[in-house]
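Working notes for the structure below.
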Amino acid sequence: MMKRVRTRFAPSPTGYMHIGNLRTALYTYLIAKSNDGDFVLRIEDTDQDRYVEGALEFIYDTLELTGLKYDEGPDVGGDFGPYIQSERKDIYKKHAHDLIEKGAAYPCFCTKDRLAESRKESSIKDGVWRYDRKCREIPQEEALARMENEVYVVRQKMPIEGKTSFDDIVFGHITVPNEELEDQILLKADGLPTYNFANVVDDHLMEITHVVRGTEYLSSAPKYNLLYEAFGWEIPTYVHLTPIMREPGKKLSKRSGDASFSDFYEKGYLKEAIINYIALLGWGPGTNQEIFTLEELVEAFSIKGLSKSPAVFDVEKLRWMNGVYLRNLSVEDFYEVAKKYIDEIFKSKSYDKMYVSDLLHNRVDVLSEIPEMLDFVKELPEFDLEIVQHQKSGTDLAKSLVSLKASKAELEKLENWEKPELMSALKGVIKNLDVKTPAVLWPVRIAVSGRESTPGGVYDVLLLLGKDETLKRLNITIKRMEEGI
RNA sequence: GGCCCCAUAGUGAAGUGGUUAACACAUCAGCCUUUCACGCUGAAGACGGGGGUUCGAAUCCCCCUGGGGUCACCA
């Protein structure tokens, strides 16, 4: 009987959900759920200096929004709490002392000053300083006594010689020389554990079976193995994830701009598309399927599909995928997500919601583009008269002017400003003038929109503007042209 | 610098000794068309380099190169 799979997402409360963190959360969730297991949220706040107000809510909200529902966590409870590390202080302290008794760790009384001094002296040699293990030799009895009234940290006693190996499910078997391992600090002088200690203790106590984290922890894994062994605990399955790069060679980071989930979300990328896209950054289903709902990801996910090399975040592909999601929406649903962007253009003016949505929903990749696509609705933009001519059908300015005047005359007569009427009016113009269709439709559209490309054709643009505005703009452009010729 | 890891088109990514080396985004061309977009069709584009092993290597081994990670009282 296999143990129940349990994974945990363990962010620091920094008030920011980096896209890479989100992906880690996603994969962690998928590993649990694709095995009918539990997904746990644990907050790693052992660095007091880093605490950001409101960060917890931010994490809860983001996971809620993206659908990564956790079975246990600070706000939902569970049998393995508390789920916030700063509330587990006593647990770490007890375990650190157990380790001292077992001889796998020792208290270190070196002050930061002495360390800095030591670092300064020896750094001349090869550039990399490592703790000189001064306190390691203090007899345990004496050390225990000094702990009563001195400030100390607890350090892990690493083997001096030999090698340590560990297995990672994506990277395989990895061996490192023990001389590389520093006697790292487990418990800080403030009594809180370092990540290096807390993660081991918590993962064991919370019965985490698959430890999912970034490759930045790969080189620390042997130290964790040594810790598990010292405690006599079962070693979990390690799943180290490659980083997401902004461009080849450059890691995606907060500093390089819009690398956070909320930035994308607020720009008009759908959460489903973001999740879908990042799922494919570093993981492949082994089939050609690319569009996945979260449920489908749970179904399709396998650790085997995880990639060993870093993946570059390609905004262009995210755009495309977001467009696919938008197009797959019904017009009604599209309106719901696009509403706030469309309203930026129409403000309080009334408009036919479904009509506008229908016009937009095949043409938009990112919702925030909408105001720009419709900006001509607000007012006639400045534009170069040259674009009024339709080159392909050999229409020049003079001919365009004729088309415009004739069109204006017909449009003025219309009682009903509806598509069928507009169509028959302009088709009549085309027939009377005996010209090609674009020779009329193109100039009219440009004359009233000032744009070479618009969502929808002339009739759509005319409907968007209404009769009065259309005629007003036709007059303006006609006048400009008359003065120009 | 030491140690560890990685390496298929611009990007993601199939492929695990024998393939015309998939597929998707992007690019380019054509079709559709009243512009744009959607959609459809097609094109160009890759196994980082060098040695082995093998009848045969993108696939296995070694070296080089390139990239990444790590070496905190941060996670």
Side-chain angles (χ1 to χ4, degrees), chain A residues 10-12 14 44-47 49-50 108 110-112 115 119 125-131 151-155 168 170-172 174-177 179-182 184-196 198-199 213-222 240 242-243 245 247-251 277 280-291 305 307-321 323 327 359-365 373 387 390 393 426 430 436-442 444-446 449 451-461:
Chain A
S12 292
T14 58
E44 310 231 329
D45 62 343
T46 55
D47 184 1
D49 296 340
R50 282 213 202 174
C108 170
C110 295
T111 61
K112 283 187 180 178
L115 260 26
R119 188 183 307 244
K125 282 188 296 190
D126 65 343
V128 178
W129 178 85
R130 223 172 256 137
Y131 176 57
V151 175
Y152 63 93
V153 300
V154 176
R155 287 183 183 272
D168 179 88
V170 346
F171 288 97
I174 296 173
T175 303
V176 299
E179 51 189 318
E180 290 297 319
L181 311 178
E182 183 176 41
Q184 65 177 355
I185 290 173
L186 267 19
L187 212 57
K188 299 184 272 187
D190 63 5
L192 284 169
T194 57
Y195 168 85
N196 295 131
N199 92 82
R213 53 160 82 107
T215 49
E216 63 267 31
Y217 298 102
L218 206 52
S219 56
S220 296
H240 285 98
T242 56
M245 317 294 282
E247 54 189 272
K250 282 186 192 161
K251 193 172 171 180
Y277 176 68
L280 263 24
L281 266 188
W283 174 80
T287 65
N288 280 340
Q289 184 177 352
E290 287 202 293
I291 302 300
S307 166
K308 297 165 93 163
S309 48
V312 175
F313 190 94
D314 183 0
V315 192
E316 284 305 313
K317 184 139 186 182
L318 205 215
R319 277 182 71 83
W320 165 78
M321 191 172 279
R327 274 172 247 130
L359 228 41
L360 255 21
H361 112 292
N362 263 1
R363 292 176 235 263
V364 175
D365 279 328
M373 291 175 78
I387 65 173
H390 186 73
S393 57
L426 293 186
I430 291 163
K436 288 181 179 167
T437 305
V440 170
L441 301 189
W442 176 280
V444 172
R445 189 176 57 87
I446 306 297
S449 71
R451 293 277 182 250
E452 280 192 287
S453 69
T454 51
V458 222
Y459 307 119
D460 299 306
V461 172

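Naming: A, B, ... by sequence-line order, numbering from 1 per chain.
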Between B:G18 and B:C61, how far apart are the P atoms? Round to whole Å, please. 16 Å
Heavy atoms from C-beta onward define the side chain here; which of B:A75, B:G12, B:A72 lies closest to that of A:Glu182? B:A72
Would you indicate which nucleotide in B:C4, B:C73, B:A75 comes nearest to any side-chain atom of A:Val176? B:C4
Minimum-distance nucleotide (side-chain atoms of A:Arg327 versus B:A75, B:G39, B:G68): B:G39
Does a side-chain N or O from A:Thr215 land closer than 4.0 Å to OP1 or OP2 of B:G68, or not? no
Backbone N or O of A:Trp283 within a donor-acceptor pair of the A:Ser307 side chain at under 3.5 Å? no
Which residue lies more 5' along RNA chain B, comparing A:Thr111 with A:Gly282 via nearest heavy atoms: A:Gly282
B:U35 P sits how many Å from A:Leu426 CG, rounded? 15 Å
Nearest-angstrom distance, C1' atom, B:A14 to B:A58: 12 Å
Is A:Lys308 near enough to B:G69 that one of its side-chain N or O atoms lies under 4.0 angstrom from OP1 or OP2? no
Rounding to an integer number of angstrom, what distance separates B:A22 and B:G10 when you compare their P atoms? 16 Å
Roughly, in whole Å, what's the span from CD in A:Glu452 to P in B:A37? 12 Å
If we ignore hydrogens and angles and just use 3.5 Å, is the side chain of A:Arg445 paired with the main-chain N or O of A:Glu452 as donor and acceptor? yes
So that I can tick it off, tell me whether A:Arg327 and A:Asp365 are bridged by a salt bridge, with the cut-off set at under 4.0 angstrom between side-chain N and carboxylate O. yes
Donor-acceptor pair, side chain of A:Glu182 and main chain of A:Tyr131, under 3.5 angstrom: yes
Say we look at B:G12 and B:A26: how far apart would their P atoms be, to the nearest angstrom? 16 Å
Examine the side chains of A:Arg319 and A:Tyr277 and answer whether a donor and an acceptor come within less than 3.5 Å of each other. no
Check every strand shown and say whether A:Tyr217 touches a base, only sugar-phosphate, or nothing at a heavy-atom separation below 4.0 Å. base
Between B:A75, B:G68, B:U35, which nucleotide gets closest to the side-chain atoms of A:Trp442? B:U35
With rounding to whole Å, what would you report as the distance between B:A46 and B:C23 at their C1' atoms? 14 Å
Toward the 5' end of RNA chain B, which comes first, A:Gly305 or A:Asp365, by nearest nucleotide? A:Gly305
Taking B:A44 as the reference, what is the distance to B:C6 when you measure between their C1' atoms (whole Å, please)? 29 Å
Nearest of B:C74, B:G68, B:C73 to any side-chain atom of A:Asp47? B:C74
What N/O pairs connect the protein and nucleotides 20-25 of chain B at under 3.5 Å? Give each pair on its own line.
{"unit_1": "B:A24", "atom_1": "O4'", "unit_2": "A:Glu290", "atom_2": "OE1", "d": "3.3"}
{"unit_1": "B:A24", "atom_1": "O2'", "unit_2": "A:Glu290", "atom_2": "OE1", "d": "2.4"}
{"unit_1": "B:A24", "atom_1": "O2'", "unit_2": "A:Lys317", "atom_2": "NZ", "d": "3.0"}
{"unit_1": "B:A24", "atom_1": "N3", "unit_2": "A:Lys317", "atom_2": "NZ", "d": "3.1"}
{"unit_1": "B:C25", "atom_1": "O2'", "unit_2": "A:Lys317", "atom_2": "N", "d": "3.4"}

When the P atoms of B:A21 and B:U16 are considered, how many whole Å apart are they? 14 Å
What's the closest nucleotide to the A:Arg363 side chain, out of B:C6, B:C36, B:C74? B:C36
